[in-house]
Amino acid sequence: MPDGLVLAAWLIAFAQALLYVALAPLLVGWVRKVKARLQNRRGASLFQPYADLRKLLIKETRVPHTASPLFRMAPYIVFVATWLAAATVPLVALDLPVARIADIIVLVGLLALARFFLALAGMDVGTAFGGMGASREMLISSLAEPAMLMAVFTLAMTAHSTSLESVMSHHLADGFVLRPSYLFALGALLLVALAECGRIPVDNPATHLELTMIHEAMLLEYSGRHLALMEWAAQVKLLLYGVLIANVFFPWGVGREFTPLALGLGLLAVLAKLALLGAALATAEHVMAKMRLFRAPAFLNLALLLALLGLLSHVILEIGA
Amino acid sequence: MEMNPVLPLAGLAVALALASSAVSLLASREPRVLRWFAMPLIGLAGLAALAAGLWALLAGGSANATLPLGLPWQPWRVRADALSGLFLMIIGLVTVAVGIYGRSYVRGYERGRDSLTALGGFTGLFLTGMLLVTLADDAFLFMVAWEVMSLSSYFLVAFQHEYAANRRAAFLYLLMAHVGGLAILLGFGVLAAFGHGFEFAAMREAVLSPGWASVAFGLVFVGFGMKAGLMPLHAWLPEAHPVAPSYISALMSGVMLKMAVYGFVRVVFDLIGQVQWQWGVIALAVGCVSALMGVLFALMQTDLKRLLAYSSVENLGIVFIALGLSLVFLGTGHLLLGSLALVAALYHAINHALFKGLLFLGAGAILHGTHERDLEQMGGLLRRMPWTGAFFLIGCLSISALPPFNGFVSEWLIFQSALQAWQLESGVLRSIIPIASAVLALTGALVAATFVKVYGIAFLGQARSRHVRHARQGAVGMRVGMGLLAGLCVLFGVLPTQVIALIEPVSVQLLGGGLPESGAQGWLWLTPISSDTASYSAPLTILLLALIAGVAFWWFLRGVPRRIRRSDPWDCGFAPPSPRMQYTAASFAQPIRRVFGLLFAIDESRPAFDDPAPRYRLKLTDRAWALFYLPVARAVEAASRRVVRLQSGNVRVYLGWTLGTLLVLLWVIS
């Protein structure tokens, strides 16, 4: 690759990373809006999450007396790790250098790093709710993470590579082939995304002060800019999962060369896909009820089973064929 | 020809370890001998071992020598090659840290009743045994060294023998070590019979039929698997490792278990040579069970050192998963993938030595500062012991396989080799390996849960007991020892390409091929197979993390009020939380205990609603006891009850038995 192109690639990668944090609140706003319309409400503006973040950032930050320094570090670590994880998922263009820094396994690892600190922060103040949230989060993630890895391994084995770029290029080059393994992996990844992003039926993002809360329980003691960073990280994570599903399973439209037209089309394509996915998420949350905590393992076992079926159907049916 | 300094350096390490042992004999008169001479000598021995190991790895080749010791017709042969070099390095790295740490730690025993002579003496012998295991070049010396290692560690486990539980744990350990030792001896017997000699060189030349090779594999797998604590032969490990002094636990879990890995690799990959893929499937299955069950049991423990011991079972399971993968790939003729999995296994072995050593030293620092091993009594230690807390956090992050720490690299490599299963011809193998990687993924996620629990309960929150509230920060030496290992955990995570270059000679020596592509894109990029297949750049990950953090600080916090106000915790507006309202270690694990309930034998009693003094009791036992150990124990007891009938007390009957035995023996040998 000539030097000029390398520079352009890095610039696009950087812009894409910024796009992630910039777009994340919009997706949340969109999901809330669709949900409100489904409930015959007008709902808040699409840009309400931005206003919320701004408000939190300028508010005074409070830290409990019993908190250790880890409590104040955690929001930054969670935000940065989630952001870096997101930056490695191709949003508008392929052939970016960030993809070589971190493959799918590193992506899962970075999300695990963020979760580790989130759970520790929950336990730091020493309240009952914080420990409860951390314990439940680790239960959910310990079942969701293997399902996620299995689902992405299915894709990785098909493309013979764990790099997301190669997986997407492979898929694009193949044209539209309906593989059973992809369907299973897609199903598994959808379930994992619901669980990991704390959506209904596993957790309820709209709730607060409820014995069933998971993600919120860990954030209870946060305020001001710390809370803003934690909330923002959660929004970036939702966007990350959305892009992962949209771009890996339906990669059409993503920019293959660094021209303004291709990049613009890529952006439009991914926005259209995300709008559809967001609407689907809102509809699903609208028609489903939240499960009891101990029903969640069954839900996640289904995800693990689907992912494993995908992997097995790939190694048994598709390799020889 | 230039002289190879590896063997002299290794000999120096052995001599220093023995000197430490000898000087400890004076400790009964002057307890300070341990602090001023014995432990520094241990540290120096570690340094010499580290130098020998690094030299052997970097210079390549091998050095042989015959010692004027041993039996007249069987002098001891020693040899240092890349494989022994790697394990010498592991011994050295941990021992240096232990030497520094132990100097401060033994101070706590100087006023106690326990025999410091025994502690110092057997520590030196223990180290000697481990060093000689890696150097031995004949089965005779290997077994002698192995027994020295096992026996001296028995005495270290039994160090505080005034507690009945410690005596019981030590006896169980002794028993299991010898059953394992017997299996290894028989395995060497098979090889020696075909190779016509006890020297490893002769065994390498031996031509074994596939059946006999499998018998030898089975024997050494049982023997070394027992030492490594693989399920279901693990039950002694969580009993024995925690009761030794903490830096000995670090040596046992961090280093001695690696000797089992060394022995397995030496015998199976080097001496037997012609591997069969079926062995790989067995190792893979046993490794998977050990990894998963090990971490589940670890998660359920409330005794910190016991939890770490179960986690060693899990980590050795992961090492054997990788070794199993390597055997499967080698047995089906995929040399490159076989060396990738072998390198991954060895990488994980190094990593486990580093972080488990660190975590045991951390547990020792907590024990030293609070006299507490029970997680349920801890809490808030990060504020009392900030350095220990910071180093322990690095250990927790490393063991949970989080980027950019070292545990992540080895698990990444194992996943990478598992993902190459599509290259295999057999559909069965292609399906087994993904299931194994699913187990590995589940294990990894549960490890993170375990160490969130450990760190959250012990170091965060509020102290749950008075003596923990007044914990003392450990001495400087303890912090330096832990800091050394913590630094190495980071270093081995950030520079994977260099570490792999260090391990690669082992693969070249044993298999005849390394990973030519792993550093082909420059030191920044780890590309184990090819740059298209997978790449990971730990340095750039760190750099970007730091860069993004910088941008975040600068951009988001501009103009944001910097002031932070301290206030009471909100906790949804309930009454101010007391330490007793916090989640405990048992309650943290409760959801997972419920989900995986079938695997444990749970004995739980809940108080009645109107109980004036409610008590909650939870007892969790390893099902392996009821399934594997108690039947054997009962059978032995029943057999001995039969045998005891012979003991009539009548001399004539005994003489009759002696005569009968003699006749049978004469008949057999004639």
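Just so we're on the same page: letters track the sequence lines, and every chain starts at 1.
- Of the two parts of L419(B), the backbone and the side chain both hold a non-hydrogen atom closer than 4.5 Å to a non-hydrogen atom of chain A.
- Most heavy-atom pairs under 4.5 Å with chain B: of the set I77(A), L143(A), T127(A), this distinction falls to T127(A).
- Here the shortest heavy-atom pairing between Q462(B) and G126(A) reads NE2-O, 3.9 Å.
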Verdict with reasoning, F588(B) to M138(A), per side chain to side chain contact (heavy atoms under 4.5 Å, CB included): CA-CA 9 Å; F588(B) 187 93; M138(A) 293 324 282; 3.8 Å; yes
I433(B) vs V315(A), side chain to side chain contact (heavy atoms under 4.5 Å, CB included): CA-CA, chis, key distance, verdict: CA-CA 10 Å; I433(B) 291 177; V315(A) 292; over 6 Å; no
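- S142(A) approaches A445(B) most closely through the heavy-atom pair CA-CB, 3.4 Å.
- P403(B) and L113(A) make their closest contact through O-CD2, 3.5 Å (heavy atoms, listed as atom of the first residue, atom of the second, distance).
- For the pair W412(B)/D103(A), a side-chain contact is recorded, criterion being any heavy-atom separation below 4.5 Å from C-beta on.
- Listed for the R566(B) side chain is no donor-acceptor partner under 3.5 Å among the backbone atoms of V63(A).
- Proximity to chain A is limited to the side chain of V595(B), based on heavy atoms less than 4.5 angstrom apart.
- A ring-centre distance under 6.0 Å is not found for F116(A) and F451(B).
- Residues Y583(B) and S135(A) are in side-chain contact: their nearest non-hydrogen atoms beyond the backbone lie under 4.5 Å apart.
- Most heavy-atom pairs under 4.5 Å with chain B, from the set E165(A), E221(A), H160(A): that is H160(A).
- In terms of heavy-atom proximity, L70(A) sits nearest to L460(B) at CD2-CD1, 4.2 Å.
- Using a 4.5 Å cut-off between heavy atoms, A421(B) touches chain A through backbone and side chain atoms alike.
- No side-chain heavy atom of M150(A) sits less than 4.5 Å from a side-chain heavy atom of L442(B).
- Residue I457(B) touches chain A through both its backbone and its side chain, counting heavy-atom pairs closer than 4.5 Å.
- Only the side chain of F408(B) comes within less than 4.5 Å of a heavy atom in chain A; its backbone stays farther off.
- Checking T162(A) against Q416(B) by side-chain atom types alone, a donor-acceptor pair falls below 3.5 Å.
- Comparing G456(B), S578(B), P569(B), A449(B) by how many heavy-atom pairs each has under 4.5 Å with chain A, the most go to P569(B).
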Criterion side chain to side chain contact (heavy atoms under 4.5 Å, CB included) on L139(A) and R594(B), from CA distance to verdict: CA-CA 10 Å; L139(A) 167 74; R594(B) 192 161 155 180; over 6 Å; no
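- At a 4.5 Å heavy-atom cutoff, the contact between S587(B) and chain A is made by backbone atoms alone.
- In this structure, R383(B) contributes its side chain and T66(A) its backbone to a donor-acceptor pair below 3.5 Å.
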Verdict with supporting geometry, E137(A) and V452(B), side chain to side chain contact (heavy atoms under 4.5 Å, CB included): CA-CA 11 Å; E137(A) 172 81 6; V452(B) 165; over 6 Å; no
